[in-house]
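One structure is given here, and the rest of the page talks about it.
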Amino acid sequence: EEPEQLPSAGFVSQVEIINGEPWLITVLGEAEVFAAHNQTGWQASTWYLLWKGVEFYWPYGSDPGWYRVVDYIPDAEPMDVRLMYRTDIEFDLLLITCRTYDEANNVWLNRLLVYAERSEQ
């Protein structure tokens, strides 16, 4: 059953509260989906720099190594769950974090999604 909204970076364990480590949300076929807080100084705070074509090292999950960004959505609507299940691109890794904080309502309005494939680097 599909979730009602894209994952938000709510606190899920003591580890990620302490150090901001990304956590595995789900596995979709061969692709792993990770979420993380975008707090300053934590890893997800730099995911906005992972533009299409950028290569980066991912040390987590079942297949640590180099990945290349194949798509980047900076302002996804939280209810747009279909974005996790895309079939129009191939990806091995999906990173999700919250963006655009609304202080008045204490909610994150958007999600940043970074799709990446295993790189040969």
Side-chain angles (χ1 to χ4, degrees):
E1 181 177 321
E2 288 187 8
E4 293 181 21
Q5 67 174 333
L6 290 168
S8 65
F11 293 120
V12 296
S13 74
Q14 287 295 18
V15 172
E16 59 88 14
I17 290 172
I18 294 168
N19 64 14
E21 297 259 328
W23 63 92
L24 182 66
I25 295 290
T26 190
V27 177
L28 303 173
E30 306 251 337
E32 293 183 326
V33 180
F34 282 85
H37 299 286
N38 66 2
Q39 180 173 321
T40 302
W42 288 359
Q43 187 177 32
S45 69
T46 62
W47 289 357
Y48 74 95
L49 298 171
L50 297 177
W51 297 95
K52 192 172 180 179
V54 170
E55 295 201 12
F56 64 97
Y57 186 80
W58 184 253
Y60 305 99
S62 66
D63 197 15
W66 287 93
Y67 288 82
R68 179 183 315 100
V69 177
V70 295
D71 203 4
Y72 175 93
I73 302 175
D75 56 358
E77 295 289 328
M79 303 310 273
D80 202 355
V81 176
R82 68 179 176 78
L83 292 173
M84 281 180 52
Y85 304 95
R86 291 178 63 183
T87 57
D88 61 318
I89 60 170
E90 289 187 27
F91 60 96
D92 301 306
L93 179 66
L94 172 56
L95 307 179
I96 302 174
T97 193
C98 296
R99 294 209 10 155
T100 319
Y101 182 65
D102 176 359
E103 287 186 43
N105 295 305
N106 192 31
V107 296
W108 291 91
L109 300 176
N110 300 103
R111 304 290 186 269
L112 165 67
L113 284 77
V114 177
Y115 301 86
E117 65 182 0
R118 195 77 159 105
S119 173
E120 297 301 318
Q121 183 169 348

- Task: Only counting residues at least two apart or in another chain, list the ones meeting ring-ring contact (aromatic ring centres under 6.0 Å, His included) with Tyr60.
- Result: Trp58
- Note on the structure: Contacts of Glu32 meeting side chain to side chain donor-acceptor pair (under 3.5 Å) (sequence neighbours excluded), chain-then-number -> Ser62
- Criterion side-chain contact (heavy atoms from CB on, under 4.5 Å) on Leu83 and Ile73, from CA distance to verdict: CA-CA 9 Å; Leu83 292 173; Ile73 302 175; 3.9 Å; yes
- Task: Check the hydrophobic clustering (I, L, V, M, F, W, Y; side-chain heavy atoms under 4.5 Å; chains of links allowed) and say if Leu112 and Ile89 are grouped together.
- Result: no
- Query: Nearest 0.5 Å, what's the CG-CG distance between Leu28 and Leu94?
  - Reply: 7.5 Å
- Item | Partner of Val33 by side-chain contact (heavy atoms from CB on, under 4.5 Å), out of Leu113, Val27, Thr26, Leu93 | Thr26
- Measure the spacing between CD of Glu117 and OH of Tyr67 and express it to the nearest 0.5 Å. 10.5 Å
- Query: Hey, what do you get for NE2 (His37) to SG (Cys98), rounding to the nearest 0.5 Å?
  - Reply: 8.5 Å
- Roughly how far, to the nearest 0.5 Å, is the CZ atom of Arg82 from the CD atom of Glu77? 11.0 Å
- Closest contact, heavy atoms only, Trp47 versus Pro22: CZ2-CG, 4.1 Å
- Among the clusters formed by ILVMFWY side chains lying less than 4.5 Å apart, do Val70 and Ile96 turn up in the same one? yes
- Item | Nearest heavy atoms of Gly65 and Arg118, plus distance in Å | CA-NH1, 3.0 Å
- Query: Taking the six-membered ring of Tyr115, is the NZ or CZ of Arg86 close enough (under 6.0 Å from the centre) and on axis enough (within 45°)?
  - Reply: yes
- Query: Atom CD1 in Ile25, atom CG in Leu95: separation rounded to 0.5 Å?
  - Reply: 11.0 Å
- Note on the structure: Output for pair (Leu49 CG, Phe56 CZ), nearest 0.5 Å, gives 12.0 Å
- Note on the structure: residues 37-58 vs salt bridge (Lys or Arg N to Asp or Glu O under 4.0 Å), sequence neighbours excluded, gives Glu55-Arg68
- Flag, side chain of Asp75 to backbone of Asn110, donor-acceptor distance under 3.5 Å: no
- Contact summary for Ala36 and Thr97, nearest pair of heavy atoms: O-OG1, 2.6 Å
